[in-house]
Amino acid sequence: MTPFATRLLAWYDAHGRSGLPWQPTTPAPRDPYPIWVSEIMLQQTQVATVIPYFERFMARFPTLQALAEAPLDAVLAHWGGLGYYARGRNLHKAARQALTEHGGLPREIDALQALPGIGRSTAGAILAVAYRQHHAILDGNVKRVLCRFHAIDGWPGQTAIAQRLWALAESHTPVERVDAYTQAIMDLGATLCRRNRPECTACPQQGECRALAEGRVAQLPNPKPRKSLPEREATLLIIEREDGGLLLEQRPPSGIWGGLWSLPELTQESEAFCRAAGLELLDQTPLAPLRHTFSHFHLAIQPLHLRVREAKAPPIMEPGTRLWYKPDTINQLGLPSPIRTILDRLTTNP
DNA sequence: AATTCGTGGCT
DNA sequence: TAGCCAAGAAT
């Protein structure tokens with residue numbers, strides 16, 4: 001056990017976080033299923049955001065079998081609003097794959113990492129926490145701690161920097177209490193070694209931290225070099241049927257909001273579609289425009305209100321890609337947050 | 001190997 | 001407040 005790990009575990013025993021819904025209450029070995037679900041949800045997502053999603057998800061899919069037997073739509077409905085929807089699709093796919101190929105979640109690191117959505121860090125975390133297997137993790141918290149402790153310059157996303165960090169993470173990870181250590185190193189990064197306003201005076205590593213000694217804590221880890229984001233405008237059609245039904249489209253399985261349901265976007269094709277379907281333009285500004293920033297562009301959404309002129313509804317173009325949505329079924333669909341916001345406003349504010 | 005995937009909180 | 005960032009993985 002290195003002095004780094006010894007100090008960290010002593011601090012963790014006194015000050016580590018506890019009571020999070022996915023944290024085990026029994027000694028290893030533990031059921032890896034809830035650990036896996038939480039690790040996927042927590043990818044690039046903060047703890048406070050995940051908690052209500054985790055509770056709902058585990059209530060609806062309490063076991064690996066329940067998840068594997070559920071339709072993808074039900075999984076995405078529980079993921080709606082959480083973001084990074086490939087995680088939900090991969091989670092569902094991995095559940096079925098693990099069950100058929102291994103009869104459950106595999107205990108071998110290579111087999112586990114071969115499942116969709118499980119990378120090196122997530123596989124290590126699951127096996128370390130569930131079975132006390134000796135694997136390192138390297139998430140955003142660990143990267144921040146290690147960049148500061150060793151005063152590593154360069155953006156951690158660079159391959160060369162990440163390789164150095166993985167080697168350091170493995171060198172620090174102890175054989176004993178690896179489950180506690182895995183939680184502890186993340187707790188340190190989340191509660192003390194934060195990006196902003198770190199509490200170095202309470203840190204168990206303050207005596208050996210190179211960034212602290214050199215007065216460079218605020219500059220490490222080095223930020224990602226950013227490019228200015230292009231803007232894209234989209235007009236979303238709010239097509240209302242006589243009975244109040246709204247036309248929704250299922251987006252393609254890959255790309256932004258993949259597999260989720262959205263208001264159809266106005267294109268040249270959809271203009272012709274609306275004319276052919278007898279759709280009448282009511283007004284252009286029923287709702288204020290919505291602005292969103294994604295990782296690679298800004299999006300300005302301008303809803304456009306249309307109404308079906310006659311009783312005849314637009315034809316279903318491709319099976320499963322369009323449906324008339326009834327507001328009382330909102331919880332059964334996977335909806336991205338901006339779309340849910342629009343639908344909420346429409347139903348509460350007609 | 002750099003980019004692409006969301007959303008909400010923070011300053 | 002506009003940009004930065006967070007329990008990463010897939011491509």
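In what follows, chains are A, B, ... by sequence order, proteins preceding strands, each numbered from 1.
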Report yes if at least one side-chain N or O of [X] is closer than 4.0 Å to OP1 or OP2 of [N]; otherwise report no.
X	N	answer
His296(A)	dC5(B)	yes
Arg89(A)	dC5(B)	no
Ser254(A)	dC5(B)	no
Trp257(A)	dT4(B)	no

Atom pair distance, as rounded to whole Å: [atom1] in [X] and [atom2] in [N]:
X	N	atom1	atom2	value
Ile51(A)	dT7(B)	CD1	C1'	16 Å
Leu335(A)	dG6(B)	CG	P	14 Å
Leu229(A)	dG6(B)	CG	C1'	13 Å
Arg232(A)	dT4(B)	CZ	C1'	14 Å
His292(A)	dC5(B)	NE2	C1'	16 Å
His298(A)	dT1(C)	NE2	P	15 Å
Arg194(A)	dC10(B)	CZ	P	11 Å
Arg340(A)	dG8(B)	CZ	P	11 Å

### Query
Between Arg197(A) and Gly258(A), which has a closest nucleotide on DNA chain B that is more 5'?
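Comparing both residues, the 5'-ward one is Gly258(A).
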### Task
Give the minimum heavy-atom separation between Tyr85(A) and Gly258(A), together with the two atoms involved.
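In this case the closest contact between Tyr85(A) and Gly258(A) is CB-O, 4.2 Å.
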### Task
Given side-chain contact (heavy atoms from CB on, under 4.5 Å), test Glu199(A) with Arg194(A) step by step and report yes or no.
CA-CA 8 Å; Glu199(A) 291 184 43; Arg194(A) 301 180 296 248; 3.4 Å; yes
### Query
Relative to each other, are the rings of Phe294(A) and His292(A) parallel, tilted or perpendicular (30° and 60° limits)?
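It falls in the parallel class, under 30°.
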[atom1] spacing across the pair [N] / [M], given as an integer number of angstrom:
N	M	atom1	value
dC5(C)	dT1(C)	C1'	16 Å
dC4(C)	dT3(B)	P	15 Å
dA2(B)	dA7(C)	P	23 Å
dA1(B)	dG8(C)	C1'	16 Å

### Query
Val37(A) and Leu82(A): same hydrophobic cluster, using ILVMFWY side-chain contacts below 4.5 Å?
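Both belong to a single hydrophobic cluster.
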### Query
Honestly, is Arg56(A) close enough over Phe54(A), meaning NZ or CZ under 6.0 Å from the six-membered ring centre and within 45° of the axis?
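Pair Arg56(A)/Phe54(A) does not count as cation-pi.
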Below 4.5 Å, heavy atoms only, C-beta onward: do [X] and [Y] meet side chain to side chain?
X	Y	value
His296(A)	Lys227(A)	no
Trp36(A)	Ile118(A)	yes
Leu115(A)	Leu112(A)	yes

### Task
Indicate for each nucleotide in nucleotides 4-11 of chain C, in 5' to 3' sequence, whether protein heavy atoms under 4.0 Å reach the base (B), only the sugar-phosphate (S), or nothing (-).
SSBBBSS-
#### Entry: Interface residues of residues 147-159 of chain A with DNA chain B (non-hydrogen, below 4.0 angstrom)
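When residues 147-159 of chain A is checked for heavy atoms under 4.0 Å from DNA chain B, the hits, listed by number, are Thr159(A).
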### Task
Any chance you could pull the hydrophobic cluster mates of Tyr181(A), using side-chain heavy atoms under 4.5 angstrom and chaining through other members?
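Members besides Tyr181(A), by chain and number: Met1(A), Phe4(A), Leu8(A), Leu9(A), Trp11(A), Tyr12(A), Ile137(A), Leu138(A), Val142(A), Val145(A), Leu146(A), Phe149(A), Ile152(A), Ile161(A), Leu165(A), Trp166(A), Leu168(A), Ile185(A), Met186(A), Leu188(A), Leu192(A).
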### Message
For the residue pair Gln113(A) / Arg120(A), report whether a side-chain donor-acceptor contact shorter than 3.5 Å exists.
### Response
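No - no donor-acceptor pair under 3.5 Å links their side chains.
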